[in-house]
Amino acid sequence: MSTPNPNKPRSGWADGDCYSLELVPAPQPRRRWRRWLLGLLLIGLLVVAAVVAVWLHKARRITERIEAHVASQPYPGFAIGDLGGMPVKVPRYMAELLEYDGDPGWAPAPDWRPPVRTFESKINSFGFYVRYPDGQTLDSWARREEKRLTPPWEDRWIDVGVASSKHYPRDGFLDTYVKRHLLDHAGKSVIHRYYRQPEDEYGLEVYRLTPPPEGPDPTKTLVDEEFVGRDAAGNVISRLNCTINFDVNRSTCSQVWSMEHLGLRIKISAQYRRPLLQHWREIQPMVTQIVLGFRHDPSMSEAIRPTPP
């Protein structure tokens, strides 16, 4: 019997002898997808944790600002302050976009917190809605929904803006506006000159721009008509401007007047549909009385009233 040579390769057949082949298992590829999956899972968890942390931080900041705002008003459901020299207590639903002197306004101020308000805190602007002629306000959600569903051709809601303190122009601003903007033509081009019309409208002086071809074309340019209301002595008590639109229900008028004759440095503006222009004499005293109704005597003790809806 021959002895196998160890130096020969182990082939299947050698020198008549049969040798069995040894099966060597093939190397398996590394399963890296598990590591990738674990890594993606960790990254996803970190992203979720970061989002939750940012959300909680913002929620905490918003909660702090709300709490600071509530704490700044000592009368629940009311805003207090000095309005043009008059101490007032305004229901919150009638004090939309209320701003005091010193407030950041629309500027970003995430760390700003309002101070505790007193009847000496200067109010410079806010607004509210009132319906003509019954004087109803948005004192409930039902009323707000009613206003939202009112069709344009029946809308009798008036958008009122109240300005005082640093937003009050100055005493006599109505006369200044009429003289400089309507009566003074010096240095103005033809298209910016208003001319008094021969006939009044609803007891108002009417001023219009020069018609085409010298003046602007209302079909191509936004053009306003100006009106001036005077008292029996000839003093300017109101100025108005109305847009020109082919749809009268979409034309609006803005009426502006002052409460300086009452010793108050308050400017009031009222915006409404043009069909209500004929009622300008009734709208002005109605809104004025509402603002005067905010007056409050801080020296009077009173029971705590329920918060308005």
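Counting begins at 1 with the first residue of the sequence.
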Over 12 foreign heavy atoms within 6.0 Å of NZ, K179:
no
When hydrophobic residues are tied together by side-chain contacts of less than 4.5 Å, even through go-betweens, does W153 share a cluster with L276?
no
Would you indicate whether Y129, at its atom OH, is surrounded by more than 12 heavy atoms from other residues, nucleotides or ligands within a distance under 6.0 Å?
no
F78 ring center near Y93 ring center (under 6.0 Å):
no
Would you call D231 and V236 a side-chain contact if the rule is heavy atoms closer than 4.5 Å?
no
Between CG of N241 and NE2 of H181, what distance do you get to the nearest 0.5 Å?
8.0 Å
Going only through I, L, V, M, F, W and Y residues with side-chain contacts under 4.5 Å, is there a path from L292 to V160?
yes
Exactly one candidate in I158, V130, T288 meets side chain to side chain contact (heavy atoms under 4.5 Å, CB included) with I283; the answer is I158
Are any of the side-chain nitrogens in K147 or D139 under 4.0 Å away from the carboxylate oxygens of its partner?
no
For the backbone of E226 and the side chain of R208, can you confirm whether one donor and one acceptor N or O come within less than 3.5 Å of each other?
no
Are the charged groups of R230 and E205 less than 4.0 angstrom apart, N to O?
yes
Determine the minimum heavy-atom distance between T150 and W157, stating which atoms define it.
OG1-NE1, 4.3 Å
Hey, could you give me the CG/NZ distance between D171 and K267, rounded to the nearest 0.5 Å?
13.5 Å
In a check of side chain to side chain contact (heavy atoms under 4.5 Å, CB included) between W257 and each of L240, V287, I237, I266, which one passes?
V287
Find out whether I191 and L209 are in side-chain contact, i.e. whether some heavy atom of one side chain is under 4.5 Å from a heavy atom of the other.
no
Tell me whether the count of non-hydrogen atoms from other residues, nucleotides or ligands lying under 6.0 Å of NE2 in H192 goes above 12.
no
Of all heavy-atom pairs linking W112 and G102, the shortest is NE1-O, 4.2 Å
Roughly how far apart are I290 CD1 and T137 OG1, rounded to 0.5 Å?
7.5 Å
Apply side chain to side chain contact (heavy atoms under 4.5 Å, CB included) to D82 and F119, showing your working.
CA-CA 5 Å; D82 180 282; F119 288 101; over 6 Å; no
Looking at R180 and D184, does any basic side-chain N land under 4.0 Å from a carboxylate oxygen?
no
Taking C-beta and beyond as the side chain, do D155 and Y272 meet within less than 4.5 Å on heavy atoms?
no
Given side chains that start at C-beta, do those of E99 and H167 come closer than 4.5 Å, heavy atoms only?
yes
Derivation and outcome, side chain to side chain contact (heavy atoms under 4.5 Å, CB included), residues L183 and Y207
CA-CA 9 Å; L183 301 180; Y207 294 82; 3.7 Å; yes
Once you round to the nearest 0.5 Å, how far does CG of D297 lie from NZ of K89?
11.0 Å
Taking the side chain as every heavy atom from C-beta outward, state whether E260 and Y168 have any atom pair closer than 4.5 Å.
yes
Evaluate whether atom CG of L262 has more than 12 neighbouring non-hydrogen atoms of other residues, nucleotides or ligands under 6.0 angstrom away.
yes
Contact list for residues 239-285, test disulfide bond (SG atoms under 2.5 Å apart), sequence neighbours left out:
C242-C253
Does the side chain of Y194 reach to within under 4.5 Å of the side chain of T210, using non-hydrogen atoms?
no
At their closest point, which heavy atom of G85 faces which heavy atom of L264, and how far apart are they?
C-CD2, 4.2 Å
Does a side-chain heavy-atom distance below 4.5 Å link R117 with Y100?
yes
Just do the side chain to side chain contact (heavy atoms under 4.5 Å, CB included) check on I244 and D224 with the steps written out, would you?
CA-CA 6 Å; I244 299 176; D224 291 341; over 6 Å; no
If you link I, L, V, M, F, W and Y whenever their side-chain heavy atoms are under 4.5 Å apart, who else ends up in the same group as L40?
none
Quick one: does R274's side chain have a donor or acceptor within less than 3.5 Å of a partner on T243's backbone?
yes
Chi angles and distances behind the side chain to side chain contact (heavy atoms under 4.5 Å, CB included) call for V206, E199
CA-CA 7 Å; V206 183; E199 296 183 0; over 6 Å; no
Worked check of side-chain hydrogen bond (donor to acceptor under 3.5 Å, both in side chains) between Y195 and Q197:
CA-CA 6 Å; Y195 293 91; Q197 302 303 301; over 6 Å; no
Minimum side-chain heavy-atom gap L98-I123 below 4.5 Å
yes
Could you list who else is in I43's hydrophobic cluster, with ILVMFWY side chains joined at under 4.5 Å, directly or through other members?
V47, V51
Among S121, S165, S164, the one residue meeting side chain to side chain contact (heavy atoms under 4.5 Å, CB included) with L83:
S164
Within this structure, what is the OH-CG distance for the pair Y177 and L182, rounded to the nearest 0.5 Å?
5.5 Å
Looking at W280 and Y202, would you say the former's side chain and the latter's main chain have a donor-acceptor pair under 3.5 Å?
yes
CG of N124 to NZ of K166, rounded to nearest 0.5 Å, is 5.0 Å
Option from R156, R273, H279 for which side-chain hydrogen bond (donor to acceptor under 3.5 Å, both in side chains) with Y132 holds
H279
S254 and Q271: CA distance, side-chain angles, deciding distance, side-chain hydrogen bond (donor to acceptor under 3.5 Å, both in side chains) verdict:
CA-CA 4 Å; S254 179; Q271 185 170 331; 5.1 Å; no
Has R196 got more than 12 heavy atoms of other residues, nucleotides or ligands less than 6.0 Å from its CZ?
yes
